[in-house]
Chemist: 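To start, I am sharing the structure in question, which I have written as structure tokens.
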Amino acid sequence: MTSLGSSSSSATEYTVRVPKNTSKKYNLMAFNAGDKVNCSTWTQARMERDMSGRRIYGDEETADGAAGSEFGKKQREEARRKKFGIVKREFKVEDQPWILKVNGKAGKRFKGLKKGGVTENASYYIFTQCPDGAFEAFPVHGWYNFTPQAKHRTLTAEEAEEEWGRRNKVVNHFSIMLQRRFREQERGGDDDDDENEKSGKKKKKGGGRGGDLRIHDLEEDLEMSSDDSDSSLGDDGESKTKSKKDTGKGKAKKKKKRKSSDKEALEDSDDGDYEGLEVDYMSDESSSSDEEPEKGKISKGEDHPKGIDEASESEEESEEEKPNEEEAKEEEEEEEGKKTPVQTEKKKKKDSSGESESSDDSDIDGETASALFMKKRTPPKRGGRGSAGSSRTGSRPGTPSIDSASTSNTLRAAASKLEQGKRPTPGPSADSPAAKRLKMEPSSQSPAPSGKSTPQPPSGKSTPSSSDVQLTEEAVRRYLIRKPMTTKDLLKKFQTKRTGLSSEQTVNVLAQILKRLNPERKNVNDKMHFYLTE
Amino acid sequence: MANKADVNLTGVKQSKGVWLVKVPKYLSLQWDKATEKREVGKITIGKKQGKTDVCFSLNEDLTTLCTAGDKDASLQVPREHPFTMHTEGGQTMAIFSQSDTDGISLEGMVVHRAECRPVVNDDYMRLKKLQLKESTKPQRLSQQLEKAVTTIFKPVANHDFNLEHEKKKKSDGKMVRAERQIVLDMLFSAFEKHQYYNIKDLVDITKQPVTYLKEIVREIGVYNSKGAHKSTWELKPEYRHYQSAEEEEEMQTT
């Protein structure tokens, strides 16, 4: 080493040596300044290569010579690869990342990824000063960027997306990780101690804050089950998380239930079915509620020839949509055991569409009926629907009008039954519904399906084939007994579409009836209401 | 080598500070040519008007560039290389060394970063020009030939390989049908080694004519026309008693 002193600047010269020692390879370990890594504080450090990439790039080791192996498989695979020009990237140990563990298990962990392209255009050298003053330059073999690895639990991508969806609802964010931790524990946590420690710490934080704000989506009973607990706080946290878990599960269950019920509901009551219906004004609810149970009773009474086939019941109930829907629904569901949804579905139908029909046991126009039939015609797949079904399906393919007539007749039949339920007229009610229907067919074919003749028997006794929409004295009387009504209301009840009368005629007839009945009057809301007392 | 090594932290403990110097490629090449003593040059550290000035000057004997192509002795690598120094701020850098014998050790911390810059003079420009020319040359070159190459492939009546093959076939003769039992034994032993076989491979192994072999195999085996192991033969289930690989290993060890 020579040291020169110069006048203007003090310069010292040092020789530079580049040792040829190749046994030691020098690499660079770069940290980010923000991590504030101070190597001198390290007491102990371990470093190893991260070999997890091997199974990705390495060959799939299939069982050689055991079951499932083929003769010459390897050679064939190799030949195939060569043919297609697939070149596999070698798994170079040199390029694998490093894993650095500082200060043992509780300390930090770093992952060092190799930085590419360092030695391509320029070489890096490490200049160290030797005791003798000279510099020694060592070439840098590789550059590794070390980043600290998170030791706390993180959410996976799916979980993160889930939580993102709930971010507006969930207020207590600490619970997210707590829940996850408990889920992990459930699945068989190995390092329970670690988790418990961490969770315990977190619980203390979260338990305090979370306890005040427990806003759940679902209002459920949070039964605090205190099975295993470390501390009171831990207890709270645990039970809370358990309950949260339960809420989670319950949510899922409820969702499932909801979904299933929704599914069922959708399948049962297809919304499109109600489109063509003529919905009666919902004013007369009392009457409808009365009508329904009656109808129900009667339908039950009539089911004996067909057994307990609810489809047939629905036919008797004289709602065209129902049988169609039944068929459609049964075809969809394909479960014979699903009677209850059928019931509910029927009831639903009754509720919504029943107003139109069951309030007066009204009959639907043959035209509309046929139209509806055509719309909802489903091919008669199911044979196992009972005798009624078969008889209907038999008649179905070719003759829509007759069918409609038959259903309208059944409607009328049921309606008339209800009417005659008060009056002991044996006739139709004694017959079996099938026979009745057939009877009805010819008998009511004469009154054209489109319009009904208007038998206005002054006696007030309606014929079996008369519909309930008929403007009869009996009908008016019934209304007025039930509830005081204005003339307007009464007119609404007897709509021209239903009765087949023109509006003038309706008015006239109604006037006549009222004269005959001579109801009592009373003024309600400045309107004249009629009513009768029996 | 995937060794989990304890890192020798002595270097860091002593707080050895090192310099990380970026050196141009040609210079490092020259350094590789250093003599036994491994001295490449000198560093002068001086203080010029308050600022530290570091300069590296290359040894005389290393200045000549020896290129493979034109031996232009006049081409000289510049000698003076001032270093631009800056302290390490953004990144904390440490040096670790990996050695075959001693494992991994942390050598020290980087305190200064430097770039070795040559003094720009004509020599340097010429050097750079040369480098550029070399780098722009394409790696592959199409060359036009004046005469066709006739030395490599000559048309031949029958290739050597084919002749050999035919001779071999003649000498070996046709495959003879062996006893049924013998063939069955061969097949079973083959199926012990692998589960799935192609018929061609079986022919190879047993050296039996194909039709005869097929008959026999049809007795004891089943043909897979679909699935993962397509068009292969395997033993019928009743003849099989394959164990999983682990069990086999266990059996082998015990």
Side-chain angles (χ1 to χ4, degrees), chain A residues 2 4 6 8-20 23-33 35-40 42-49 51 63-73 93 96 100 121-128 135 137-141, chain B residues 1-7 9 12-13 15-16 18-25 28 31 34 37-48 53 56 89-101 104 106-109 190 193-198 201 229 232 242-245 248:
Chain A
T2 48
L4 294 164
S6 45
S8 56
S9 51
S10 56
T12 38
E13 259 195 20
Y14 308 92
T15 35
V16 178
R17 281 199 300 268
V18 179
K20 213 176 179 127
S23 67
K24 255 193 176 181
K25 287 204 186 88
Y26 285 81
N27 301 292
L28 207 89
M29 182 192 285
F31 298 95
N32 207 357
D35 298 332
K36 302 226 184 345
V37 175
N38 192 357
C39 293
S40 43
W42 295 354
T43 50
Q44 180 225 10
R46 294 179 81 86
M47 207 151 100
E48 60 173 351
R49 289 278 185 189
M51 295 300 220
D64 216 14
S69 71
E70 263 188 53
F71 181 76
K73 181 112 185 161
V93 186
Q96 297 310 305
L100 167 69
N121 296 320
S123 4
Y124 282 91
Y125 279 82
I126 301 292
F127 276 50
T128 55
F135 277 90
F138 303 98
V140 167
H141 194 74
Chain B
M1 40 181 190
N3 48 354
K4 185 145 191 193
D6 259 335
V7 180
L9 292 169
V12 172
K13 295 286 181 205
S15 304
K16 269 211 280 189
V18 296
W19 290 0
L20 178 70
V21 182
K22 190 170 181 181
V23 171
K25 241 334 189 268
S28 59
W31 286 1
K37 228 171 120 198
R38 305 303 302 176
E39 271 192 21
V40 291
K42 289 195 190 27
I43 276 194
T44 357
I45 303 176
K47 249 197 158 63
K48 265 207 187 118
D53 179 45
F56 170 76
Q91 274 185 310
T92 334
M93 296 207 261
I95 305 298
F96 73 96
S97 71
Q98 199 185 352
S99 92
D100 309 325
T101 49
I104 304 171
L106 213 57
E107 299 291 331
M109 304 287 296
K193 295 197 210 99
H194 296 274
Q195 189 177 353
Y196 300 100
Y197 278 89
N198 222 334
D201 298 327
H229 310 275
T232 56
Y242 289 120
Q243 294 148 332
S244 62
E248 279 198 15

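Convention: sequence-line order gives letters A, B, ...; per-chain numbering from 1. Excluded from the calculations below are hydrogen atoms, water molecules and symmetry mates; all remaining heavy atoms, backbone and side chain alike, are included. Computed from a predicted structure; not experimentally measured.
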Chemist: Run the ring pair (Phe, Tyr, Trp, His ring centres under 6.0 Å) test against Phe135(A) and tell me which residues pass, sequence neighbours left out.
Modeler: Tyr14(A), Trp19(B)

Chemist: Which atoms form the tightest heavy-atom contact between Ser123(A) and Pro24(B), and what is the distance?
Modeler: OG-O, 4.3 Å

Chemist: Between Glu13(A) and Thr44(B), what is the shortest heavy-atom contact and its length?
Modeler: CG-CG2, 3.2 Å

Chemist: Going by heavy atoms in the side chains, are Phe138(A) and Val18(B) under 4.5 Å from each other?
Modeler: no

Chemist: Nearest 0.5 angstrom please: Lys22(B) NZ to Asn121(A) CG, how far?
Modeler: 8.5 Å

Chemist: With a 4.5 Å limit on heavy-atom distance, are the side chains of Leu106(B) and Met29(A) in contact?
Modeler: yes

Chemist: Does the side chain of Leu20(B) reach to within under 4.5 Å of the side chain of Tyr124(A), using non-hydrogen atoms?
Modeler: yes

Chemist: Can you name the nearest heavy-atom pair linking Thr15(A) to Lys42(B), along with the distance?
Modeler: CG2-CG, 4.1 Å

Chemist: Side chain, backbone, both or neither: which part of Gln96(A) has a heavy atom under 4.5 Å from chain B?
Modeler: neither

